[in-house]
Amino acid sequence: MQSPSSLGQDLTACDREPIHIPGAIQPHGILLIVDAESGRVVGGAGDCTGLLGCDWTGATVAMLLGEPVANALRADAIRLPLLGTAAGGSLSVVAHRVDAHWLIELEPTAPGQAGTDDALNWIARASEDFGRAVDLEDLSARAATIFAQLTGFDRVMIYRFLDDDSGKVVAERHAPDMTGFLNHHFPASDIPRQARALYIRNRVRVIPDVDGAVMPIRAVDPAMAAIDLSDVGLRAVSPIHIEYLRNMQVMASASASIVKDGVLWGLVACHHRTPRGLDYLQRKTCELIAAAFAQQVRAKEEAAEYRERLRLRSAEDALAVRLAQDGDPETMAGSIGGELQRMMGADGFALHRGGSLHSSGHVPSGADIMAISAWVRRQGNSPLHTATLAARMPEAEAYRDVASGLLAIVLSIDEPVVLMWFRAEELQTVQWAGNPHKAVETPGARLTPRASFAAWSEEIRGRARPWSVAEVEAAHRLSRTLFDVRQRRRINELNRELTRAVTDKDVLLAQQETLIKEVNHRVQNSLQLVVAFLAMQANAENDETLTRHLTEAQRRLSAVALVHRRLYSDDNVTSIDLGRYVEDLLGEMQSSMGAEWQGRLTMDLSPLLISADAAVQVGLVLVELVINAQKYAYDGQPGPIAVTLERFRNRFRLTVADRGRGRTGQRQGFGTRMLSAMVQRLDGTIEESDNAPGLRFTVTAPIGVPGDA
């Protein structure tokens with residue numbers, strides 16, 4: 001047995017700590033490592049002899065756990081944990097496959113405890129209770145109560161991750177004599193990145209006793225100590241986390257992941273002042289209730305967003321009726337400034353047109369508004385929005401009390417015509433569980449978990465309530481509406497007198513369109529000529545390596561041509577619907593892949609607005625991933641390829657998954673480097689994972705809607 005501090009963990013690099021391969025388990029159960037081919041135990045950890053009552057080294061699973069367990073392993077049920085009992089039903093058995101080995105966890109059962117014999121009742125009760133919640137706050141409070149009653153832990157917190165990866169306790173139930181953390185914030189460093197990944201993979205984690213002795217893996221092959229224990233609930237705990245819990249003065253903890261749309265939304269964090277555990281059935285009950293909670297979170301958030309969009313649409317329709325009346329739309333906008341202000345939930349509104357200025361509500365001085373208008377026009381994005389104006393426009397620090405938040409649309413640069421909504425500074429006092437800026441106690445000391453969790457207040461200045469996605473989209477639609485009204489009025493005024501000018505304008509537009517089409521046509525011809533030349537050169541060369549490189553270059557140029565042709569077939573090349581663009585691009589790719597590929601490409605695409613520059617990069621990444629799947633997963637033969645595009649907060653995720661042969665080597669060639677470079681240009685990341693079978697590539701990047709700040 002080893003103490004946590006003797007495992008050789010590097011406490012100065014907790015964010016890189018390999019917590020999935022600790023080489024040991026916690027003492028409340030045992031772990032058997034079984035060779036999948038022979039069925040014999042080749043390693044283990046914990047008091048195996050004491051729990052099994054016999055010598056386990058080299059024994060078969062059938063001898064130790066019985067034929068039913070051995071038969072289940074022979075069936076090779078790799079993707080699902082195996083749940084059974086052993087030692088007369090006093091032990092639960094859970095098995096996971098890792099490469100050529102089975103990892104079998106055995107733990108004492110706890111019959112009669114909440115969530116064991118009556119799991120379905122708890123799940124039904126929680127689902128009904130969650131369904132009665134009126135909003136997200138009420139839902140979180142109900143969840144804290146359910147988990148407190150189910151687990152019996154002294155303190156249960158619903159912990160939500162924020163956009164900056166810090167966390168906030170949004171609901172809590174705790175014993176009367178315990179410290180509460182409701183509405184307290186925890187810095188992002190409290191939960192390292194690799195721990196967050198494991199929270200998604202292993203949904204429930206229990207530490208029954210922080211003082212429990214670590215049980216190292218003993219195996220025939222010493223290298224077995226480095227086996228991946230990501231899916232093992234008994235996995236030993238990081239000494240940094242153990243020290244963290246001791247600093248919080250708790251002896252046991254448990255957590256259940258709240259995963260919404262594949263992303264870690266938050267945690268159910270449980271603490272107890274004395275050792276306390278949860279057996280497998282209790283953990284599974286917690287996992288299912290957490291999943292039901294996540295579904296309700298999604299429903300509540302979508303309902304709130306729907307109500308906001310409905311409110312904005314209703315306000316837009318009412319304004320459209322007013323704006324459709326004859327008269328100057330900018331003057332009309334000034335007269336209904338109060339309505340525009342209320343529509344966006346702003347504290348003030350201003351319309352700058354030429355030398356005139358109309359305002360309502362609380363706004364900066366006239367000179368300051370003119371300066372803001374000039375700054376907005378220089379940015380070039382419309383709509384433009386920010387919740388921290390002074391961070392982008394330093395002179396706005398002087399009037400942050402009325403204009404920390406800005407939403408602006410530019411109707412005309414020359415005249416100019418600019419609509420601006422202002423939000424006042426929201427003076428926030430954030431309660432932290434300990435000083436988040438105090439990393440170590442003394443200079444030069446090692447990096448350790450925070451030793452104090454006493455409430456620490458931080459005053460945040462210069463920040464307004466952020467503009468929602470729905471509000472930014474409404475501003476974008478309003479700008480189009482005002483532009484259309486303005487254009488119609490001008491056309492009506494000039495009807496007869498400017499017929500010749502309108503005709504000349506149409507001619508110029510037609511010439512411009514013809515010129516653009518001609519330029520695009522020449523680009524396409526040039527690309528096709530280069531592709532043809534590469535094909536001829538490849539056929540003429542006898543060097544197999546050179547031919548392969550030429551063919552690869554030909555393929556990539558064809559992909560560039562396809563992306564270019566698809567993008568510039570749209571009239572609007574400034575911002576486009578990425579979902580529609582991807583659908584059209586995949587349709588064109590499928591038609592070029594041959595009749596045998598018909599129906600092989602499946603799509604699940606969400607609509608979202610993205611800049612044309614970003615769309616080019618996304619298109620190139622998509623084409624490269626689909627071609628790689630066609631080339632490597634199926635060796636050019638037809639096979640299923642699934643493409644998914646979805647949105648999470650202010651980012652999108654593009655997933656390309658195949659059902660092919662999976663990874664067969666380490667591809668680090670030009671294509672891989674080019675793919676990485678394109679993803680980096682999106683300020684995104686690309687992850688490769690097992691699709692069981694096949695591979696799944698997920699590209700995540702900011703949406704970058706024009707005007708995003």
Side-chain angles (χ1 to χ4, degrees), residues 1-2 7 18-110 198 201-209 212-237 277-284:
M1 300 182 185
Q2 295 174 281
L7 286 176
I19 58 177
H20 62 298
I21 49 172
I25 66 170
Q26 299 182 73
H28 60 279
I30 65 174
L31 174 69
L32 298 178
I33 304 175
V34 178
D35 181 79
E37 183 175 353
S38 66
R40 292 190 176 277
V41 177
V42 296
D47 187 14
C48 300
T49 303
L51 281 181
L52 297 175
C54 61
D55 186 13
W56 55 274
T57 307
T60 64
V61 173
M63 293 168 53
L64 296 176
L65 306 178
E67 283 295 339
V69 176
N71 290 335
L73 295 185
R74 293 189 193 102
D76 207 20
I78 297 175
R79 292 300 156 191
L80 293 176
L82 165 69
L83 175 62
T85 58
S90 62
L91 298 177
S92 65
V93 181
V94 182
H96 300 274
R97 181 72 178 268
V98 176
D99 298 328
H101 297 89
W102 282 100
L103 302 182
I104 304 178
E105 301 176 72
L106 294 97
E107 298 178 63
T109 59
L198 285 180
R201 183 170 178 174
N202 201 338
R203 299 294 173 88
V204 179
R205 177 75 160 141
V206 178
I207 305 171
D209 186 354
V214 173
M215 313 297 283
I217 292 176
R218 294 164 289 163
V220 176
D221 183 0
M224 200 69 68
I227 195 167
D228 189 346
L229 301 183
S230 295
D231 296 319
V232 175
L234 291 170
R235 184 180 70 249
V237 186
L278 298 173
D279 75 357
Y280 180 80
L281 286 177
Q282 289 177 298
R283 298 199 301 270
K284 205 64 182 175

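Given the structure is predicted, the values throughout are model-derived calculations rather than measurements.
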| task | I would like to know whether Leu91 and Ile30 meet side-chain contact (heavy atoms from CB on, under 4.5 Å); could you show each step before the answer? | result | CA-CA 10 Å; Leu91 298 177; Ile30 65 174; 5.6 Å; no
| message | Do Ile217 and Leu229 have side chains that approach each other closer than 4.5 Å (heavy atoms only, starting at C-beta)? | response |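 The answer is yes, as the side chains (C-beta and beyond) meet within the 4.5 Å cut-off.
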What is the minimum heavy-atom distance between [X] and [Y], and which atoms define it?
X	Y	answer
Pro208	Gly277	CB-CA, 3.9 Å
Ala24	Pro216	CB-CA, 3.6 Å
Met63	Ala59	CE-CB, 4.1 Å
Asp228	Val98	O-CG2, 3.9 Å
Leu278	Val206	N-CG1, 3.9 Å
Cys48	Ala45	SG-O, 3.6 Å

| request: Return the set of residues passing side-chain hydrogen bond (donor to acceptor under 3.5 Å, both in side chains) with Thr60 (not counting sequence neighbours), or none when no residue passes. | output: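 Per chain and number, Thr60 pairs via side-chain hydrogen bond (donor to acceptor under 3.5 Å, both in side chains) with no residue.
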| field | Under the side-chain hydrogen bond (donor to acceptor under 3.5 Å, both in side chains) test, residues paired with Gln282 that sit two or more places apart | value |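 None.
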Rounded to the nearest 0.5 Å, what separation is found between the [atom1] atom of [X] and the [atom2] atom of [Y]?
X	Y	atom1	atom2	answer
Arg218	Leu31	CZ	CG	10.5 Å
Leu32	Leu106	CG	CG	5.5 Å
Gln26	Arg205	CD	CZ	5.0 Å

| Ser92: which of Glu107, Glu105, Arg283 passes side-chain contact (heavy atoms from CB on, under 4.5 Å) |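 Checked Glu107, Glu105, Arg283 against Ser92; only one passes side-chain contact (heavy atoms from CB on, under 4.5 Å): Glu107.
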| query | Among Ile33, Leu64, Val220, Ile104, whose side-chain contact (heavy atoms from CB on, under 4.5 Å) with Val41 holds? | reply |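 Going through Ile33, Leu64, Val220, Ile104 one by one, the side-chain contact (heavy atoms from CB on, under 4.5 Å) with Val41 is satisfied by Leu64 alone.
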| query | Do Arg235 and Leu198 pass the side-chain contact (heavy atoms from CB on, under 4.5 Å) test, and can you show the C-alpha distance, the side-chain angles, and the key distance before you say yes or no? | reply | CA-CA 11 Å; Arg235 184 180 70 249; Leu198 285 180; 3.8 Å; yes
| said: Could you check whether atom CG of Asp221 has more than 12 heavy atoms from other residues, nucleotides or ligands sitting under 6.0 Å from it? | reply: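 Yes, CG of Asp221 has more than 12 neighbouring heavy atoms, counting only those of other groups under 6.0 Å.
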| field | side-chain contact (heavy atoms from CB on, under 4.5 Å) between Leu281 and Thr109, worked out | value | CA-CA 8 Å; Leu281 286 177; Thr109 59; over 6 Å; no
| request: Just do the side-chain contact (heavy atoms from CB on, under 4.5 Å) check on Leu65 and Leu52 with the steps written out, would you? | output: CA-CA 9 Å; Leu65 306 178; Leu52 297 175; 4.1 Å; yes
| Distance-only, no hydrogens or angles: does the Asn202 side chain make a donor-acceptor pair with backbone N or O of Ser230 under 3.5 Å? |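 Looks like yes, one N/O pair under 3.5 Å.
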